[in-house]
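Within every chain, numbering begins at 1; the chains are lettered A, B, ... in the order of the sequence lines, protein sequences first and strands thereafter. For clarity, every value in this text was computed on a predicted model and none was experimentally measured.
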Amino acid sequence: MSLNPAQRAAALYTDGPLLVLAGAGSGKTRVITEKIAHLIEKCHLAPAKIAAITFTNKAAREMRERAGKLLKGNAADELLVCTFHALGLKFLQIEHAAVGLKRGFSIFDADDTQAIYKDLLPKGIKNDQLYAIANLVSRAKNEGLTPEQAAAAALGARESEAAELYAKYQKRLAAFNAVDFDDLIRLPLALLDSDEKICAAWRERLRYLLVDEYQDTNTAQYRLLKLLAGPRGAFTAVGDDDQSIYAWRGANPGNLDELARDYPQLKVIKLEQNYRCTRRILRAANAVIANNPHAHLKKLWSDLGEGAPIRVLECRDDEHEAERVAGEIAHLAEKHKARWHEFAILYRGNFQSRPLEKALRLARVPYHLTGGTAFLERAEVKDLLAYLRLMVNPEDDAAFLRIVNMPRRDIGATTLEKLGELAQSRGLSLLRAAASDAILKQLAPRPAAALVGFGELIHELTQTARRLSAADLVDALIRRTRYAEYLAEQVKDQAARARRLENLNELAGWFRAMQREGSSAGDLAAQLALLTHADRADPGNAARLMTLHSAKGLEFRFVYLIGVEEGTLPHEGSIEEGRLDEERRLMYVGITRAKEHLTLSFAARKRRFGEILTNDPSRFLSEMPRDDLHWSGRDVEQDQQHARELASSHLAKLAALLAK
DNA sequence: CCTACAGCGTTTTTT
DNA sequence: ACGCTGTAGG
């Protein structure tokens with residue numbers, strides 16, 4: 001292995017807790033994988049006793065893969081490499097009884113939880129109000145507080161109200177035998193905190209922890225880490241305060257300092273050599289980030305040569321911007337003999353991808369988009385997953401409501417209302433109530449029969465599930481529910497229908513890929529709930545379009561960072577709330593994704609909700625060294641070229657018409 | 001229970 | 001500018 005001195009020190013240090021401050025592109029994944037190899041081969045730790053916690057499932061997969069190349073035999077398969085949330089899920093699947101959950105509990109996504117809040121809060125509440133209060137509850141959970149603790153800690157009426165809501169919300173979740181994302185951290189934390197025996201057992205089970213992207217952990221996650229690592233501090237945390245971009249989601253970058261306070265013996269190692277970017281790109285990144293206050297000073301350097309100038313494309317509007325970027329990629333791919341997947345277009349918000357997609361199609365550049373309405377948020381995918389959820393968890397009312405009339409079974413609102421009342425008065429779940437004799441007497445024969453039929457269907461599917469693999473079960477599910485026929489009826493547009501059917505096939509494909517021996521359909525559905533759009537299979541040779549948040553941890557030979565405007569990057573909401581530091585870090589993350597060629601662009605005008613806005617270039621542009629930027633205004637030559645192409649294509653169409 | 005239309009919110013980032 | 005949700009009428 002050829003690690004530099006700092007990397008080697010980080011990989012070999014096992015005497016106590018270690019914090020690695022790893023700048024962008026400084027080889028932190030290598031350090032982590034080398035360290036895993038060291039722990040196994042030199043410290044003789046069993047692979048199963050090492051846990052590496054990553055930020056995304058995709059990062060986990062890559063880490064396992066890279067560790068696999070370093071390790072002998074199949075040792076990498078036994079490593080526990082996953083996200084904090086997946087670790088929490090694994091924990092709860094084992095310890096579910098101790099926190100009051102039954103086997104097969106459901107994981108509620110944002111939609112499901114929002115439905116609970118909607119039900120709990122006054123009718124007609126505005127969405128942003130709902131979001132605000134749900135956020136307060138989530139905050140409390142991310143701090144690791146119980147409802148009682150939240151009530152005690154509440155400052156002011158708003159927080160008291162939220163704490164009260166938190167208690168009701170948890171009761172509702174418990175009734176559904178369900179947890180939300182935050183519970184996947186909070187419940188294990190609470191259990192380890194209160195039960196010494198279980199805590200000791202888990203410390204024995206996990207002897208060493210490595211945490212990646214440590215700057216993005218929240219308070220609850222850090223406390224979980226502390227409990228698992230124990231007073232000895234058998235862990236390595238790797239992070240970069242300059243890449244903390246999730247504070248809005250409850251991440252607490254202060255955890256970096258907390259570490260030194262909680263573990264006085266903490267050793268800190270800085271990785272400052274960058275192996276990714278040219279010096280010019282790094283200089284620009286350093287210059288921008290220097291405008292932020294710093295607790296840990298870091299000076300990233302590179303010996304990869306000066307490199308090409310950073311270009312700034314000044315564009316008329318967002319369409320013009322998209323056309324120029326697409327045109328350049330088409331042109332440069334040929335000139336540099338580059339492959340499409342070496343290009344990335346990064347932006348602040350998902351909505352910015354629209355004009356790009358159009359322009360890329362026109363320029364015949366294959367592209368792949370991560371994010372937006374994610375695969376797993378597609379209605380048809382969620383429907384099928386809801387079937388699985390209800391099969392393993394009969395208490396899951398959210399799943400019940402989602403699919404009871406999907407495909408159509410003529411079970412309407414009135415029927416469901418009556419069913420709901422009955423279920424509530426008897427303390428039954430909707431599915432169980434639908435199977436009770438009492439309900440049948442209170443309903444008209446037709447809806448009663450429909451409900452019974454639905455209950456029998458779920459029962460029958462549960463039986464079927466016992467003898468089929470998860471992937472086959474998905475196929476059986478589609479057939480038995482006549483879902484494809486339902487889609488054919490529901491969706492008139494041919495292309496849209498084909499897309500939706502394709503999504504269902506992809507779901508079956510995922511199950512096939514995820515299947516390991518012994519995992520039930522329910523287990524897989526639970527794991528699927530934790531996947532995100534970033535985790536989809538490698539899209540192959542295509543230009544990548546994604547948000548700056550999704551781009552963290554990735555690198556590309558050519559990077560286009562678009563929409564570098566005041567109001568977009570930094571985003572206007574963040575300007576108003578004075579959260580410029582995080583926006584600047586976002587800019588820093590974007591710049592440091594580029595290995596060789598970095599192009600920034602902005603549009604002077606943009607239309608939003610119909611009206612046209614004018615934009616100034618981002619303040620971050622003026623924070624970069626002037627000499628390293630190569631400004632290129634409206635590209636007259638390209639415009640002319642474009643006009644010529646347009647004219648000739650019109651001519652061609654005319655000629656074709658005439659020929660007929 | 002279904003269809004048609006009006007009106008509203010949308011665009012910050014996601015495990 | 002558009003798509004979704006809720007409502008009114010068949």
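Put simply, NE2 on A:H85 is 10 Å from C1' on B:dT14, counting in whole angstrom units. Distance A:F351 CZ to B:dG9 P: 19 Å, rounded to the nearest Å. With rounding to whole Å, A:R607 atom CZ is found 8 Å from C:dA1 atom C1'. One can place CD of A:E576 at 17 Å from P of B:dT11, the figure rounded to the nearest angstrom. The distance between atom CG of A:N135 and atom C1' of B:dT14, rounded to the nearest whole Å, is 12 Å. C:dT5 atom P lies 11 Å from atom CD of A:Q114, rounded to whole Å. Nucleotide B:dT15 holds its P atom 21 Å from the OH atom of A:Y214, rounded to whole Å. Atom P of nucleotide B:dT13 and atom CD1 of A:I245 are separated by 12 Å, given to the nearest angstrom.
When distances run from any side-chain atom of A:F181 to the nucleotides B:dT14, B:dT11, B:dT15, the shortest one goes to B:dT15. Nearest to the side-chain atoms of A:T83 among the listed nucleotides B:dT14, B:dT15, B:dT11 stands B:dT15.
Seen from the ring of A:Y246, A:R249 counts as a face-on cation partner, given the 6.0 Å and 45° thresholds. Geometric assessment of A:K552 against the ring of A:F55 yields a positive cation-pi assignment under the 6.0 Å and 45° thresholds.
A salt bridge links A:K141 with A:D183; the closest basic N to acidic carboxylate O contact falls under 4.0 Å.
In this structure, A:S550 does not reach the B:dT13 phosphate: none of its side-chain N or O atoms is under 4.0 Å from OP1 or OP2. Residue A:N350 places at least one side-chain N or O closer than 4.0 Å to OP1 or OP2 of B:dT13.
Across the C1' atoms, C:dG3 and B:dT13 are found 23 Å apart, a figure rounded to whole Å.
Contact annotation for A:Y246: backbone-only contact, meaning every heavy-atom pair under 4.0 Å involves sugar-phosphate atoms and none involves a base. Across all strands shown, A:R579 has heavy atoms under 4.0 Å from base atoms, whether or not it also approaches the sugar-phosphate. As judged by a 4.0 angstrom heavy-atom cut-off over every strand, A:G573 is placed among residues making no nucleic acid contact.
Using the six-membered ring where Trp is involved, A:W202 and A:F91 have ring planes that are tilted, between 30° and 60° apart.
Side-chain N/O atoms of A:S106 and A:N393 include a donor and acceptor closer than 3.5 Å.
By the 5.5 angstrom centroid cut-off and the 30-degree plane limit, A:W248 is classified as stacked against the base of B:dT13.
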